[in-house]
Engineer: 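Please read through the structure below; I'll follow up with questions.
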Amino acid sequence: MSTKNYNRYTVTAALPYANGPKHIGHLAGAYIPADVYVRYLRLTGKDVIFVCGSDEHGTAIPNQALKENTTPRAIIDKYDALIRTCFEQLGMSFDIYHRTSELIHHQTSQEFFLTLYNKGLLTEEVSEQYFDEEAKLFLADRYIVGTCPKCGHTNAYGDQCEKCGSTLSPRELINPRSTLSGKPPVLKETRHWYLPLQNYEPWLREWILKTHQQDWKPNVYGQCKSWIEAGLQPRAMTRDLDWGIKVPLPDAEGKVLYVWFDAPIGYISATRALFEENATGNFRYATPRSDFSKAGRDDWKKYWQADDTRLVHFIGKDNIVFHCIIFPVMLHASGEFVVPDNVPANEFMNLEGDKMSTSRGWSIEMHEYLQDFPTKPDELRYALLTNLPEAKDSEFTWKDFQAKNNNELVAILGNFVNRAVVLTQKYFSNRVPQRTQLTETDTRVLAALKEFPASIAASIEAYRFREATAGLMDLARLGNKYLAETEPWKLAKTDLDRVGSILNIALQIAASLAIVAEPFLPFTARKLKGMLGLSELKWNAAGGSDLLQTGSALNEAPLLFEKIEDTVIEAQIKKLVDSRRAVELAQQPAEPAKAEISFDDFSRMDVRIGTVLKAERVEKSKKLLKLQVDTGIDVRTVMSGIAEHFTPEEVIGKQVTILINLAPRKIMGVESQGMILMAADKDGSLRMLLPGKPVEPGAQVG
RNA sequence: GGCGCGGUAGCUCAGGUGGUUAGAGCGUUGGAUUCAUAACCCAAAGGUCGGGGGUUCAACUCCCCCCCGCGCUACCA
């Protein structure tokens, strides 16, 4: 249990891997809780930095580049920009969002590696790995497929057979082949540097199993325990790859640091960059902080090396081993760094009854949400916060999103604020009325109000963000209930003084809401403060009864939230289903082969290359084009059902493949003498079969 | 296979170290109300806490077995 007195906080959120867009599951796993935590700490006046950035190394980056037919550099630039923008629009309040491709990160990582190396803490081992001679690459297990030795499945991966579920190593595969070239890989010797994790087992046992049994979440603690008890082994910290951070040793050509070695160091280099930029005033990735304007560029060390710094990593459960075992061992072994005080990893968020997966088309990408709901970042934050997978996998549904918005944000929070403000406009010309004599109800409500901030704070500090969010909404409920009990609209004609007291109290509640909402709903909090004319107040002001001065004017008060209609939700669900269908279609196996035919059958068809001389639309037909085709033998008319895929202009001059001895047939009153051959893609779209180089019309296809 | 985390009202989820009638929100039903984006407020119905054993005066909470879901099993980022 951490009983230490901490004087500053270093909070990290998992570095998103820049090989593609990120979805709301990632937000729920790490970024939203981290942002709430940090915003809260700042409000309480704590010394805190919040660092994150794009993770831009590893084999998947060049692979994605291959897939998108571009360079790794282009891939990371593209996805870094996309993710960075989304985070900003969602209100992620990073002090810096850095990139692991930056020089300072390469330097920091290499220094870190050398520190361990020079201390003699890394071991060197030579092993045989599969190598793709054509791609000239060592292959990660995932990129080798072959026949499973256990079940005979012919497409088992090098690490696992998806059919029988057994765990494999690439060497076990029968007839292995590279997924990059399709060729069989060869075994080749390679040398790598390993971190002997087993040497740190006693330390890990002491640090995790003993010290953190109480304060780490059960899922995190259990996972760590499982690994430690299973026995730790040396883990390679380098890879054969040409994309990444060079191993800073002689004769290490073609070797880079393992991405999971460099990625967490990214937190440190981001912190260095944060102070570098604040010290120089040259801001590229950091958000300027006035309190750091006098900081030196070496001040980053306090946030990583001082004993009274509390390091907290927010991650998803897939990252537990790296943040709880490997990175801490690296930090500990280096001898210079503090280790995390907590790693509040979340589980996964499912979507509409199924696992979220970008590749399967079953996800809500951040940028897609923001495109469709550009004015509603807080609405998403709230829906995710109330259903974070804190203890177990949770589920996001669009209906639930709608319900949270309509029944809670609109009906409870927005409505309460609106009621208080509208009544004030109506009876007190939009000025905060005076509070006179207090009734028993008043004092009770004011006392209850006072309790909220501390209770919400306790939840946040215990990493219970759902509970904390519920506390926020309960405060709005308190306000609604107070109005329902006191019914100021009834008293307006008889006792305006009393009405004034009631509205004063209601407005004080709204003011506290504006402060307390900031970590959860930053955009709404800002709006609400603007409406109430409330200055920036710290957390400890929340719960107070005199946040708003009597007589001060309220500003224009638009509605904080708007209802989301059924049609909008239905459209989102349809979009989701459609995107999965599209992916499934694309992955559908090709049509099975037709029955065998003889060579004679085949040679009876006369297939030629012909040149399209003329093409025109056919009246009253959506599908047909009437073509004049030079077949080398003659020029003939062919009616072709391609009008939905090609315009006449783009067909003219093309050398198409044509079956010329098909029996003529009248179509739309015109005799068609042959058939143009087309390839039909899985989505039904047509592609012409063109010769690779121009040929004379009439060239036989066979 | 081994290990870890889960399996609590129709739905989404809370339930430190075992102890009075097992909780919240949504949904449902009924009531009250009209200041408010037909919203708020009150109340009720609804669960043999995955199944089966055991420990105990007492178990959702501890132990054992089984079933189900998810994850990890260490060169997948």
Side-chain angles (χ1 to χ4, degrees), chain A residues 14-19 55-61 63-64 127 129-130 138-143 157-160 165-167 169-170 192 197 214 217-227 229-240 258-260 263 317-322 325-326 347-348 350 355 386-397 399-400 403-404 406-408 410-412 414-427 462 464 466-467 470 473-474 476-477 479-485 487-490 492 499 503 506 559-563:
Chain A
L15 304 187
Y17 198 53
N19 72 331
D55 173 12
E56 310 186 304
H57 297 131
T59 56
I61 299 284
N63 283 321
Q64 185 66 23
S127 62
Q129 300 283 313
Y130 273 124
F138 280 96
L139 296 164
D141 291 3
R142 245 259 185 90
Y143 297 101
Y157 291 102
D159 55 349
Q160 192 187 34
S166 49
T167 303
S169 77
H192 283 293
L197 296 174
Q214 295 304 317
K217 293 168 57 165
N219 57 331
V220 176
Y221 181 87
Q223 200 59 253
C224 293
K225 191 174 172 192
S226 170
W227 274 305
E229 311 254 297
L232 299 160
Q233 287 173 20
R235 184 139 174 152
M237 291 293 128
T238 55
R239 290 291 132 88
D240 293 295
Y258 176 37
V259 64
W260 272 113
K317 67 174 164 184
D318 50 331
N319 273 343
I320 292 175
V321 67
F322 299 105
I325 308 279
I326 299 174
E347 302 283 299
F348 286 156
N350 294 320
K355 275 195 217 180
T386 50
N387 204 12
L388 292 177
E390 289 180 330
K392 58 181 173 187
D393 290 357
S394 70
E395 174 148 330
F396 179 95
T397 65
K399 279 235 169 291
D400 184 61
K404 291 276 160 58
N406 292 358
N407 303 333
E408 297 182 29
V410 173
I412 297 171
N415 187 33
F416 165 64
V417 170
N418 190 234
R419 296 171 82 182
V421 167
V422 166
L423 287 167
T424 305
Q425 285 168 354
K426 211 169 192 170
Y427 302 124
R464 299 157 75 116
R466 299 164 56 120
E467 189 177 84
M473 198 50 67
D474 282 341
R477 287 195 171 93
N480 275 319
K481 194 165 176 169
Y482 177 64
L483 290 180
E485 282 175 9
E487 300 182 306
W489 51 89
K490 280 190 177 170
V499 175
L503 291 184
L559 296 173
L560 288 176
F561 303 100
E562 58 186 11
K563 285 202 158 198

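Letters A, B, ... are given to chains in the order of the sequence lines, protein chains preceding strands, and every chain is numbered from 1.
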Engineer: Report the distance from atom CE of A:Met473 to atom C1' of B:C13, rounded to the nearest whole Å.
Structural biologist: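 Whole-Å distance recorded here is 16 Å.
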Engineer: Can you measure A:Phe348 atom CZ to B:G69 atom C1' for me and round it to whole angstrom units?
Structural biologist: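 Going from A:Phe348 (CZ) to B:G69 (C1'), I get 14 Å.
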Engineer: Nearest to the A:Trp227 side chain among B:C41, B:U73, B:C35, which nucleotide is it?
Structural biologist: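 Nearest nucleotide to the side chain: B:U73.
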Engineer: With rounding to the closest Å, how many angstrom separate the C1' atoms on B:A59 and B:G18?
Structural biologist: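 It works out to 6 Å between them.
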Engineer: Using the P atoms only, state how far B:A22 lies from B:A44, rounded to an integer number of Å.
Structural biologist: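 Those two atoms are separated by 14 Å.
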Engineer: Rounding to a whole Å, what distance do you find between A:Ile325:CD1 and B:G4:C1'?
Structural biologist: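 Going from CD1 in A:Ile325 over to C1' in B:G4 covers 12 Å.
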Engineer: Please tell me whether A:Asn219 and A:Glu347 have a donor and an acceptor in their side chains that are separated by less than 3.5 angstrom.
Structural biologist: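 A donor-acceptor contact under 3.5 Å links the two side chains.
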Engineer: Reckon A:Leu560 touches a base, only the sugar-phosphate, or nothing at all at heavy-atom distances under 4.0 Å?
Structural biologist: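 Base, at least one base heavy atom under 4.0 Å.
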Engineer: Counting side-chain heavy atoms from C-beta on, which of B:U37, B:C40, B:C42 comes nearest to A:Lys481?
Structural biologist: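 Of all the options, the side chain of A:Lys481 is nearest to B:C42.
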Engineer: Mind checking A:Thr386 for me? I need base, sugar-phosphate or nothing, with any heavy atom below 4.0 Å counting as a touch.
Structural biologist: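 If one applies the 4.0 Å heavy-atom cut-off, A:Thr386 turns out to touch nothing in the nucleic acid.
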Engineer: How is A:Phe396 classified with respect to the nucleic acid when contacts are heavy atoms under 4.0 Å: base, sugar-phosphate, or nothing?
Structural biologist: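 Counting heavy atoms under 4.0 Å across all strands, no contact is made by A:Phe396.
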Engineer: Under 4.0 Å, counting only non-hydrogen atoms across every strand here, what does A:Gln233 touch: a base, just sugar-phosphate, or nothing?
Structural biologist: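 Base contact - A:Gln233 has a heavy atom under 4.0 Å of at least one base atom.
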Engineer: Search all heavy atoms of A:Leu483 against all heavy atoms of A:Trp489 and return the closest pair with its distance.
Structural biologist: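 Residues A:Leu483 and A:Trp489, closest heavy atoms: O-CH2, 3.4 Å.
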Engineer: Counting only side-chain heavy atoms from C-beta out, which of B:A36, B:C75, B:C41 sits nearest to A:Asn480?
Structural biologist: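 The answer is B:C41.
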Engineer: With RNA chain B as reference, determine whether A:Lys317 or A:Ser226 sits nearer its 5' end, using the nearest nucleotide of each.
Structural biologist: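 Final value for this comparison: A:Ser226.
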Engineer: Counting C-beta onward and ignoring hydrogens, is there a side-chain heavy-atom pair between A:Ser394 and A:Leu388 closer than 4.5 Å?
Structural biologist: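 Not touching, per the 4.5 Å side-chain cut-off.
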Engineer: How far, in whole Å, is B:G69 from B:G27 if one measures between their C1' atoms?
Structural biologist: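 Between the two C1' atoms, the distance is 25 Å.
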Engineer: Considering only atom C1', compute the distance from B:G19 to B:U56 and round it to an integer number of Å.
Structural biologist: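 Pairwise C1' distance, B:G19 against B:U56, rounds to 12 Å.
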Engineer: Give the B/S/- string for nucleotides 24-34 of chain B, one per nucleotide from 5' to 3', where a protein heavy atom under 4.0 Å of the base yields B, of only the sugar-phosphate yields S, and otherwise -.
Structural biologist: -SSS-----SS
Engineer: From the options B:U37, B:C70, B:U12, select the nucleotide whose nearest atom is closest to the side chain of A:Asp393.
Structural biologist: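 So the side chain of A:Asp393 is nearest to B:C70.
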Engineer: Who are the side chain to side chain contact (heavy atoms under 4.5 Å, CB included) partners of A:Thr397, not counting sequence neighbours?
Structural biologist: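 For A:Thr397 the side chain to side chain contact (heavy atoms under 4.5 Å, CB included) partners, ignoring immediate neighbours, are A:Glu352, A:Glu395, A:Lys399, A:Asp400.
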Engineer: For RNA chain B, what string of dots and brackets results from 5' to 3' when Watson-Crick and G-U pairs need both distances under 3.5 Å, crossing pairs get [ ], and pairs with another strand get |?
Structural biologist: (((((((..((((.....[...)))).((((.........)))).....(((((..]....))))))))))))....
Engineer: Let me see the working for A:Cys224 and A:Ile320 under side chain to side chain contact (heavy atoms under 4.5 Å, CB included), right down to the final yes or no.
Structural biologist: CA-CA 8 Å; A:Cys224 293; A:Ile320 292 175; 4.2 Å; yes
Engineer: Using atom CZ of A:Arg466 as one end and atom P of B:G15 as the other, report the distance to the nearest whole Å.
Structural biologist: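 About 9 Å, once rounded to whole Å.
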Engineer: Looking only at side-chain atoms of A:Lys563, point me to the closest of B:A39, B:A14, B:A36.
Structural biologist: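 Nucleotide nearest to A:Lys563's side chain: B:A39.
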Engineer: Considering only the C1' atoms, how many Å lie between B:G7 and B:C66, rounded to the nearest integer?
Structural biologist: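 Those two atoms are separated by 14 Å.
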Engineer: Taking all atoms of both residues into account, what is the closest heavy-atom pair of A:Ile325 and A:Leu232, and its distance?
Structural biologist: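 Shortest heavy-atom contact: CG2-CD2, 4.1 Å.
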Engineer: Taking B:C63 as the reference, what is the distance to B:C3 when you measure between their P atoms (whole Å, please)?
Structural biologist: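 It comes out at 15 Å once rounded to the nearest Å.
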Engineer: Rounded to whole angstroms, how far apart are CG on A:Leu559 and P on B:C35?
Structural biologist: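 Computing the A:Leu559:CG to B:C35:P distance gives 17 Å.
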Engineer: Are any of the side-chain heavy atoms of A:Leu559 and A:Asn418 separated by less than 4.5 Å?
Structural biologist: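 Counting from C-beta outward, A:Leu559 and A:Asn418 do come under 4.5 Å.
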Engineer: Output the rounded distance in Å from CG (A:Asn219) to P (B:G6).
Structural biologist: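 Distance, rounded to whole Å: 7 Å.
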Engineer: Using a strict cut-off of less than 4.0 Å between a Lys/Arg side-chain nitrogen and an Asp/Glu carboxylate oxygen, indicate whether A:Lys317 and A:Asp393 qualify as a salt bridge.
Structural biologist: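 Salt bridge: yes.
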Engineer: Quantified in whole Å, what is the C1' atom distance between nucleotide B:C75 and nucleotide B:U12?
Structural biologist: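 To the nearest whole Å, 39 Å.
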Engineer: Give A:Lys426 one of three labels, base, sugar-phosphate or nothing, depending on what nucleic acid heavy atoms sit under 4.0 Å from its own.
Structural biologist: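 Answer is sugar-phosphate: A:Lys426 comes under 4.0 Å of backbone atoms only.
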Engineer: Quick one: label A:Ala230 by what it contacts on the DNA or RNA (base, sugar-phosphate, nothing), any heavy atom closer than 4.0 Å.
Structural biologist: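 Base contact.
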Engineer: Reading RNA chain B from 5' onward, which residue's closest nucleotide shows up sooner: A:Val321 or A:Leu483?
Structural biologist: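 Closer to the 5' end of RNA chain B: A:Leu483.
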Engineer: Taking atom P in both B:G10 and B:U17, what distance in whole Å separates the two?
Structural biologist: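 Approximately 26 Å lies between the P atom of B:G10 and that of B:U17.
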Engineer: Just checking A:Pro218: base, sugar-phosphate only, or nothing, at a heavy-atom cut-off of under 4.0 Å?
Structural biologist: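 Contact class for A:Pro218: sugar-phosphate only.
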Engineer: Could you tell me whether A:Thr59 contacts a base, only the sugar-phosphate backbone, or nothing, with contacts defined as non-hydrogen atoms closer than 4.0 Å?
Structural biologist: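 The residue A:Thr59 makes sugar-phosphate contact but no base contact.
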Engineer: Within the 4.0 Å heavy-atom criterion, would you say A:Ile320 contacts the bases, only the backbone, or no part of the nucleic acid?
Structural biologist: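 Here A:Ile320 touches no strand at all.
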Engineer: Between CD of A:Glu562 and CG of A:Asn406, what distance do you get to the nearest 0.5 Å?
Structural biologist: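 So the CD of A:Glu562 and the CG of A:Asn406 are separated by 10.0 Å.
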Engineer: Do A:Leu15 and A:Glu56 have side-chain heavy atoms sitting under 4.5 Å apart?
Structural biologist: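 The answer is no, as the side chains (C-beta and beyond) never meet within the 4.5 Å cut-off.
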Engineer: Tell me what A:Val410 touches on the nucleic acid: a base, only sugar-phosphate, or nothing, going by heavy atoms under 4.0 Å.
Structural biologist: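 A:Val410: base contact, heavy atoms under 4.0 Å.
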Engineer: Checking contacts here: which listed nucleotide (B:C40, B:U8, B:C5) is nearest the side-chain heavy atoms of A:Asn415?
Structural biologist: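 Looking only at side-chain atoms, A:Asn415 lies closest to B:C40.
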Engineer: Could you check whether A:Ala420 gets within reach of a base, just the sugar-phosphate, or nothing at all, counting any heavy atom under 4.0 Å?
Structural biologist: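 Nothing, no nucleic acid heavy atom in range.
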